[in-house]
Amino acid sequence: MNEQIKERWHEATNELINKLENKGIDFSKLNAIELFGRDGTWQTKKFAEKVKDIEIWEINPKWENKLKENIPNAVVKIRDSISMLKTEGELPKFDLIIIDNPMNVFGNTQKDSDVYCEHFEVLENFHKLCQNDVLIVFNVNRKPFDYMKNPSWVKRRNEFYKTTNTNDMKIEYLLDFYQNKFYELGFTTIFRINVIRVFFQEYDMTHYFAYKLKKN
């Protein structure tokens, strides 16, 4: 781990959950899905302890047993979350969508159509998974480190955010950007919350963003 990176996922997840409960979110009534489960020991476990039930998707089968061990009440499915969202027409519906998305580009680097970036492809298709009233939680990187060493990542972010200063983005810009993005996708924002998840060189780098949405 880079010593200049200070993760606070434990504190950040608790802070996020508290803020959402203060907004009136009753997690005990929510059916949730996590699209990037890994072994479930990060935020997924915390949300799983709060919600009515949870389904977890994870692409790598090596995490399946750990997921089932760490979150025994979860329905675990080993699958490519983004591919499923892009290709499937009928999927189950959820009240809470959690996207613990990786940073940078990832996927099958041998095939351009299967190279993904952050949560970008998920957002284009998340409507296939959500109820008309939905809470969505995802990671946003406002100030990536080692960024210019990854030109494909820079290109994808510039295209998605429709700006060329994606190396240092303002939180208010991002909050408004996603609110407008969700509106374009057919959803009105009821409220929005952000919580710092990772610091790098004393700068807030990665944030949790949470949006309570209602389908138009």
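Owing to the predicted nature of the structure, the values given are computational and were not obtained by experimental measurement. FYI, side chains are in, hydrogens and waters are out, and symmetry mates aren't considered; it's all heavy atoms of this structure.
- Aromatic ring centres of His119 and Tyr178 lie closer together than 6.0 Å.
- Between Ile56 and Trp63 there is no side-chain heavy-atom pair separated by less than 4.5 Å.
- Proximity of a side-chain donor or acceptor of Glu58 to a complementary backbone N or O of Asn60 within less than 3.5 Å is detected.
- Contact annotation: the side chain of Tyr116 never approaches that of Asn101 to less than 4.5 Å [non-hydrogen atoms, C-beta and beyond].
- Separation of the Phe138 and Phe36 ring centroids does not fall under the 6.0 Å cut-off.
- Between Thr13 and Tyr208, the closest side-chain pair of non-hydrogen atoms falls below 4.5 Å.
- Thr189 has its side chain out of reach of Tyr183: every pair of non-hydrogen atoms, C-beta onward, lies at least 4.5 Å apart.
- In this structure, Lys68 contributes its side chain and Val76 its backbone to no donor-acceptor pair below 3.5 Å.
- Between Phe187 and Tyr211, the distance from one ring center to the other does not fall under 6.0 angstrom.
- One side chain, Asn139 or Asp100, offers a donor N or O that lies under 3.5 Å from an acceptor on the other.
- Looking only at distances, a side-chain donor or acceptor of Arg156 sits under 3.5 Å from a matching main-chain atom of Val115.
- No donor-acceptor pair under 3.5 Å is formed between the side chain of Arg142 and the backbone N or O of His207.
- Ion pair Lys86/Glu121 not flagged as a salt bridge, since none of the NZ, NE, NH1 or NH2 atoms sits closer than 4.0 Å to an Asp/Glu carboxylate oxygen.
- At least one donor-acceptor pair under 3.5 Å links the side chain of Asp80 to the backbone N or O of Ser83.
- Comment: Asp176 engages Arg192 in a salt bridge, judged by a side-chain N to carboxylate O separation of less than 4.0 angstrom.
- In this structure, Lys29 does not pair ionically with Asp95, as no charged nitrogen and carboxylate oxygen lie closer than 4.0 Å.
- Ion pairing of Glu118 with Arg157 is present here, as a side-chain N (NZ or NE/NH1/NH2) and a carboxylate O approach within less than 4.0 Å.
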